[in-house]
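See structure below.
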Amino acid sequence: MALSESVTTCLSPAVHYMICKLGFESKDTYDISNIMSENGEVCWQAVTEHVCYLASDQSVDYIKSIRSLGPVCESVHLHFKSLTKEQFVVQYALWFHWTNYTELFLEVFDVLQFAQTTEVALVLMKLTSCLERALGDVYLLIDKDCPFLLRDLLASEQLAVVFGQVVMDVLKVFIGSPYGLNLRNVLWHGFASPQEIPAKYCAMLLFLTAGLGQLLKTYLLQTKRILAHRPYVTFISLEELNAFPGKYLNYEALSVAEELVQMSNFVLKTMLPFWMAAFTAFKESRYADCVILLLPQLEVGLRLLFTTTNKCPNRFLTAEPSALYTTFDEMLTKHLENEEINQLPTVLEEPAMASALKEFLWDFLNHQEGPRIRDHLSHGEINLKAFPREIANQIVAFAITLLCRFSDEEDVVAFKEHLVIKPLMNCASCYRSRFHPISLLKKQVLECVKSIHLWPELPTVSEEHIQAIKGLEGNTEASTLILKMAEILSQLQRYLPQNCYSSDDPISTVVTERLLIELCGMHTCTLYSPRPVLEVLVVLRKISTQCHQVSEQVIASIKLRYEQWMKKTLRSRQRHNYLRMLNSIKFLSPVLRLILVLITLELVNVHLVCKKNPFDYQQYLKFLKSVLQYTENLVTYTSPEKNKWDETIQLTNKALIKIRKFSDRKLTLIQSAT
């Protein structure tokens with residue numbers, strides 16, 4: 001891994017030239033008064049005249065445009081450095097209000113006064129993400145469904161209507177286009193080191209953002225529209241993200257981390273300032289800054305490992321516009337684009353550690369129902385002023401484990417056993433996915449079990465009242481259904497954990513709950529789930545959701561009707577309906593638990609679906625969807641609006657016949673396992 005010492009840049013020659021040299025070739029100078037007025041208004045024509053176009057198709061000529069705009073950027077940078085903070089606030093603060101984060105742009109101004117390279121890169125990452133979010137809000141003035149990618153947003157007709165096409169072309173020179181400077185992407189993906197980002201480009205984007213605010217004000221006055229800002233993404237259930245307890249990240253652990261950075265092969269020496277700045281930000285409680293600095297460094301470190309172990313060093317540098325970057329998404333796949341096996345896991349030590357590290361990355365960065373930290377941060381969707389420490393804890397701790405794993409051999413043993421590092425390494429090796437659909441389904445099942453468990457504890461009228469209703473006397477349907485359920489479970493007995501099954505009463509609450517807890521505790525592989533697995537999981541999760549909905553409706557109805565019964569506010573028909581409900585839940589509880597057992601058995605064997613031939617796979621999906629249809633009908637029949645409790649008996653009987661028939665043919669996944 002000596003490569004971490006020898007690498008001097010992660011930018012390909014063409015991109016390095018474009019960012020670091022091209023904008024400095026022209027020695028022209030521009031009087032700032034020609035670019036902006038005394039009160040700070042941007043003279044857009046003096047800026048847009050520097051955008052050049054190709055004769056062939058009138059698209060932007062990025063090379064000529066960057067060369068021509070270089071001196072303009074220099075003039076803007078020098079002007080900002082000549083202003084006091086008070087002067088800047090008076091002239092420009094108003095024009096940043098449209099971004100909904102004026103303080104950030106004042107912070108950018110402060111950083112430009114000293115031009116420390118690491119700080120410039122940090123505020124530029126924050127500026128570009130905030131600008132993207134603000135432009136998305138403007139887009140929504142005209143249309144809905146804002147484009148996800150910045151380049152599509154900048155290329156949209158909607159923004160051209162507000163700001164003008166040539167103004168959008170100016171922006172594309174700096175951000176959003178892989179043919180331009182592409183400052184946002186080269187920073188957020190970890191390609192640019194601190195010294196490779198000229199401060200004048202940061203100054204120019206600050207200037208352009210103010211100018212956009214001025215153009216937007218004119219548009220809003222003309223159209224009499226009001227700009228609304230989308231709410232920020234908020235992280236809920238932060239305790240679920242607590243893979244690394246915060247108590248392990250004390251001052252001593254951070255001091256050790258700073259030592260590790262100096263010797264770890266995971267860190268490119270050109271990127272060292274980013275790492276040190278990240279740990280400093282954490283100690284200063286600037287948690288958003290810490291994570292913004294670390295995420296690109298995790299990507300570049302893993303890219304180094306990925307390209308080395310897969311023997312594709314050419315993929316380490318910034319890709320040209322005609323090729324893809326090597327990003328997290330590709331590094332976490334099972335196969336390379338040439339269909340060969342990705343060798344990255346082989347350098348992540350033992351298989352358990354490799355699996356845990358990849359599951360952590362998938363959870364925190366990729367899974368749709370996970371926190372998706374990098375996406376939300378880079379697209380400006382998070383309130384940086386209220387970024388939770390709990391998430392920063394996880395990223396910092398994870399980074400420390402990687403630093404330790406890839407330190408020199410003689411150092412790594414000592415660090416691994418260090419009192420403040422060892423707990424972090426243990427947490428990392430034990431990590432299991434929390435946001436893969438498999439993990440989420442297990443959580444859903446257990447939550448549904450808890451809900452059904454509450455039924456017997458709910459207050460109800462006595463059994464005598466139920467038996468006294470005409471039409472329910474001697475009613476044996478519920479008992480018959482329960483017997484059918486017991487038969488189905490008995491049929492599956494050989495596939496169940498022996499310590500969780502009772503042949504005397506297979507459908508009892510205690511037995512099925514213990515069985516579900518045991519099954520959900522079994523490890524199921526979450527990495528590299530192929531499409532058939534994901535399709536099955538979608539249906540299984542929908543079934544679980546419907547079961548939970550039925551349970552919650554039953555609980556709400558029982559509580560409400562009992563209260564009304566005791567207050568004697570129920571009409572005659574409502575009383576009869578209430579008692580029919582109590583009769584129906586005798587079999588609804590076991591049937592919901594049976595369905596939960598069935599889908600959980602299928603879950604723990606879900607990867608076997610890939611062995612089914614196309615016909616059997618479609619038949620299997622059809623069966624699962626029939627179970628889903630049953631649960632959806634149950635939701636309808638048990639809703640307060642319908643109250644069709646008698647109909648649930650016939651509905652359940654048909655569903656049990658289908659389940660029994662499918663089970664008899666041994667077509668479930670659990671039966672396929674043997």
For [X], side chain to side chain contact (heavy atoms under 4.5 Å, CB included) partners two or more places apart:
{"X": "Ser156", "value": "Tyr139, Gln158, Leu159"}
{"X": "Thr223", "value": "Tyr219, Arg225"}
{"X": "Leu149", "value": "Arg151, Asp152"}
{"X": "Glu86", "value": "Thr84"}

Can you sort out the partners of [X] under salt bridge (Lys or Arg N to Asp or Glu O under 4.0 Å), two or more places apart, ordered by chain and number?
{"X": "Glu196", "value": "none"}
{"X": "Asp110", "value": "Lys85"}
{"X": "Lys283", "value": "Glu258"}

Determine whether the side chains of Tyr17 and Glu25 contain a donor N or O and an acceptor N or O closer than 3.5 Å. yes
Does Thr526 reach the side chain of Trp362, with side-chain heavy atoms less than 4.5 Å apart?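 SC-SC contact between Thr526 and Trp362 ruled out.
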Would you say that Leu69 contacts Phe174 through its side chain, given a criterion of any heavy-atom pair below 4.5 Å between the two side chains? yes
Say you draw a straight line from [atom1] of [X] to [atom2] of [Y]; how long is it, rounded to the nearest 0.5 Å?
{"X": "His79", "Y": "Asp31", "atom1": "NE2", "atom2": "CG", "answer": "10.5 Å"}
{"X": "Ile395", "Y": "Ile292", "atom1": "CD1", "atom2": "CD1", "answer": "12.0 Å"}
{"X": "Ile373", "Y": "Phe235", "atom1": "CD1", "atom2": "CZ", "answer": "5.5 Å"}
{"X": "Met18", "Y": "Cys20", "atom1": "CE", "atom2": "SG", "answer": "11.5 Å"}
{"X": "Arg372", "Y": "Asn366", "atom1": "CZ", "atom2": "CG", "answer": "9.0 Å"}
{"X": "Phe88", "Y": "Phe96", "atom1": "CZ", "atom2": "CZ", "answer": "4.0 Å"}

Not counting sequence neighbours, which residues clear ring-ring contact (aromatic ring centres under 6.0 Å, His included) with Phe364? List them please. Phe360
Sequence neighbours excluded, the answer for ring-ring contact (aromatic ring centres under 6.0 Å, His included) partners of Tyr287 is Phe282
Which pair of heavy atoms, one from [X] and one from [Y], lies closest together, and at what distance?
{"X": "Ala203", "Y": "Phe80", "result": "O-CE1, 3.4 Å"}
{"X": "Ala392", "Y": "Phe387", "result": "N-CE2, 4.1 Å"}
{"X": "Arg184", "Y": "Thr128", "result": "CG-OG1, 3.8 Å"}

Indicate, with yes or no, if the rings of Tyr101 and Tyr232 have centres closer together than 6.0 Å.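 Here the rings of Tyr232 and Tyr101 have centres that are no less than 6.0 Å from each other.
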Would you please name every residue forming a side-chain hydrogen bond (donor to acceptor under 3.5 Å, both in side chains) with Ser26, sequence neighbours left out? Asp28
Considering residues at least two apart in sequence or located in another chain, which fulfil the side-chain hydrogen bond (donor to acceptor under 3.5 Å, both in side chains) criterion with His77? none
Other residues, nucleotides and ligands only: do more than 12 of their heavy atoms fall within 6.0 Å of [atom1] on [X]?
{"X": "Lys385", "atom1": "NZ", "result": "yes"}
{"X": "Gln45", "atom1": "CD", "result": "no"}
{"X": "Ile226", "atom1": "CD1", "result": "no"}
{"X": "Glu157", "atom1": "CD", "result": "no"}
{"X": "Phe114", "atom1": "CZ", "result": "no"}

For Leu141 and Leu216, what are the C-alpha separation, side-chain angles and deciding distance, and is it a side chain to side chain contact (heavy atoms under 4.5 Å, CB included)? CA-CA 11 Å; Leu141 285 169; Leu216 178 62; 4.2 Å; yes
Please determine whether side chain to side chain contact (heavy atoms under 4.5 Å, CB included) holds for the pair Asn182 and Val15, giving the CA-CA distance in whole Å, both sets of side-chain angles, and the decisive distance to 0.1 Å. CA-CA 9 Å; Asn182 205 12; Val15 176; over 6 Å; no
Before you tell me yes or no, could you show the steps for Leu241 and Arg434 under side chain to side chain contact (heavy atoms under 4.5 Å, CB included), namely the whole-Å CA-CA distance, both residues' side-chain angles and the distance that decides it to 0.1 Å? CA-CA 8 Å; Leu241 305 175; Arg434 302 175 186 195; 5.9 Å; no
Side chain to side chain donor-acceptor pair (under 3.5 Å) pairs, two or more places apart, involving residues 197-211: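 Residue pairs with at least one partner in residues 197-211: there are none.
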